[in-house]
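Only this structure's heavy atoms are used, side chains among them; waters, hydrogens and symmetry mates stay out.
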Amino acid sequence: MAARLITRNEIVEIFAPARKVIQGSIDHARANTTLERYARLHPEIGREAGLQRLAGQGRWIMLADGLVATIETVDGFSVQSTEAQHNQGRYLFGCPGGLFTVKREPHDENDPDDGRYVQEALHELLAEAELAPEIDAEAPIVGYLAVTSTSAMLKIRHPTLPEIMKIPVHDLIPAAMPAPSHPERPRTRARSTRTKTSPAQRPAVDGPPAAP
């Protein structure tokens, strides 16, 4: 039986709980890998393209290590790679329904090295990972977090998708619950049924008699 087509909303629901942690790691990595910072640290490199490449490598490492330190604070997310693998530049994170990694080259859609490593780890991961509801264990999702100095994109591969699904990290927010079709009207205040009484009908109170 063919796997069911996975939807964008399902991917958003899976990654939404980790959005703040992911964004926090991105912000930290960006703040510490600006082009200006690398120009000061490496005045011997005069070519801007070279500084951009150094900054990109630093951003990738800081982002990946940031996720290693924080992603397991989110239920259903885990670090699947080992410290020895991190030293080799291999980072792998588990999520409900599959796994994701951080792309070395954000603009490279093929990324053969990352792709090969992810595929090799899939079988072992799925034996231990807790799958999200209605996600086919035989058709796991595979995510690639692609981050530049100005953009952050989650790229999803899945056997049922004809092409890569791309979701900006800032869009990883579940859609709001729909409003009820017949919202309850605000209750009106009930009018008092008491009738006004004349001064003569009011009960007497203690005190001096009124002057004639």
| query | Which heavy atom in Arg37 sits nearest to a heavy atom in Thr33, and how many Å separate them? | reply | CD-N, 4.4 Å

| query | Cluster question for you: counting only ILVMFWY and a side-chain heavy-atom cut-off of under 4.5 Å, with indirect links fine, are Tyr144 and Met62 together? | reply | no

| Derivation of the side-chain contact (heavy atoms from CB on, under 4.5 Å) call for Asp171 and Val12 | CA-CA 8 Å; Asp171 284 353; Val12 170; 6.0 Å; no

| task | Please check if atom CG in Asn87 has more than 12 non-hydrogen atoms from other residues, nucleotides or ligands closer than 6.0 Å. | result | yes

| When rounded to the nearest 0.5 angstrom, what distance separates CD in Glu10 from CD1 in Ile14? | 7.0 Å

| message | Applying a strict under-4.5 Å side-chain criterion to I, L, V, M, F, W and Y, I'd like to know whether Val74 and Ile167 cluster together. | response | yes

| request: Establish whether Leu35 and Leu54 are linked, either directly or via other cluster members, by ILVMFWY side-chain heavy-atom contacts under 4.5 Å. | output: yes

| request: Classify the ring geometry between Phe15 and Phe100 as parallel (under 30°), tilted (30 to 60°) or perpendicular (over 60°). | output: perpendicular

| query | What are the two closest non-hydrogen atoms of Ala146 and Lys155, and how far apart are they? | reply | CB-CE, 3.9 Å

| request: Provide the closest heavy-atom pair for Ile6 versus Thr160 in the form atom of the first, atom of the second, distance. | output: N-OG1, 3.3 Å

| request: Could you tell me whether a side-chain N or O of Thr101 sits under 3.5 Å from a main-chain N or O of Tyr91, the two making a donor and an acceptor? | output: yes

| How far apart are the closest heavy atoms of Arg30 and Ser151, and which atoms are they? | NH2-O, 2.8 Å

| Gap between atom NE2 of His86 and atom CG of Leu92 - 0.5 Å precision | 8.5 Å

| task | Measure the spacing between CG of Asn32 and CD1 of Ile61 and express it to the nearest 0.5 Å. | result | 13.0 Å

| Under 3.5 Å, is there a donor-acceptor pair between the Gln23 and Asp27 side chains? | yes

| said: So which atom in Ala152 and which in Val147 form the shortest heavy-atom distance, rounded to 0.1 Å? | reply: CB-CG2, 4.1 Å

| query | Is it the case that one hydrophobic cluster holds both Met153 and Phe93, taking links as side-chain heavy atoms less than 4.5 Å apart, direct or via other members? | reply | no

| message | For the CD atom on Glu48, are there more than 12 heavy atoms of other groups (residues, nucleotides or ligands in this structure) within a distance under 6.0 Å? | response | no

| task | To the nearest 0.5 Å, tell me how far Ser81 OG sits from Leu67 CG. | result | 10.0 Å

| note | Rounding to 0.5 Å, atoms CE (Met165) and CD1 (Ile141) come to a distance of 9.5 Å

| With hydrophobic residues grouped by side-chain heavy-atom distances under 4.5 Å, do Trp60 and Leu51 end up in a single group? | no

| task | Supply the atom-to-atom distance Glu36 CD to Leu41 CG, rounded to the nearest 0.5 angstrom. | result | 11.5 Å

| Is a side-chain N or O of Thr148 found less than 3.5 angstrom from the main chain of Thr150, in a donor-acceptor match? | yes

| query | Can you check side-chain contact (heavy atoms from CB on, under 4.5 Å) on Leu99 and Val142, steps first, answer last? | reply | CA-CA 5 Å; Leu99 47 77; Val142 177; 4.1 Å; yes

| Looking only at heavy atoms, which two atoms of Arg59 and Ala29 are closest? And how far apart? | O-CB, 3.8 Å

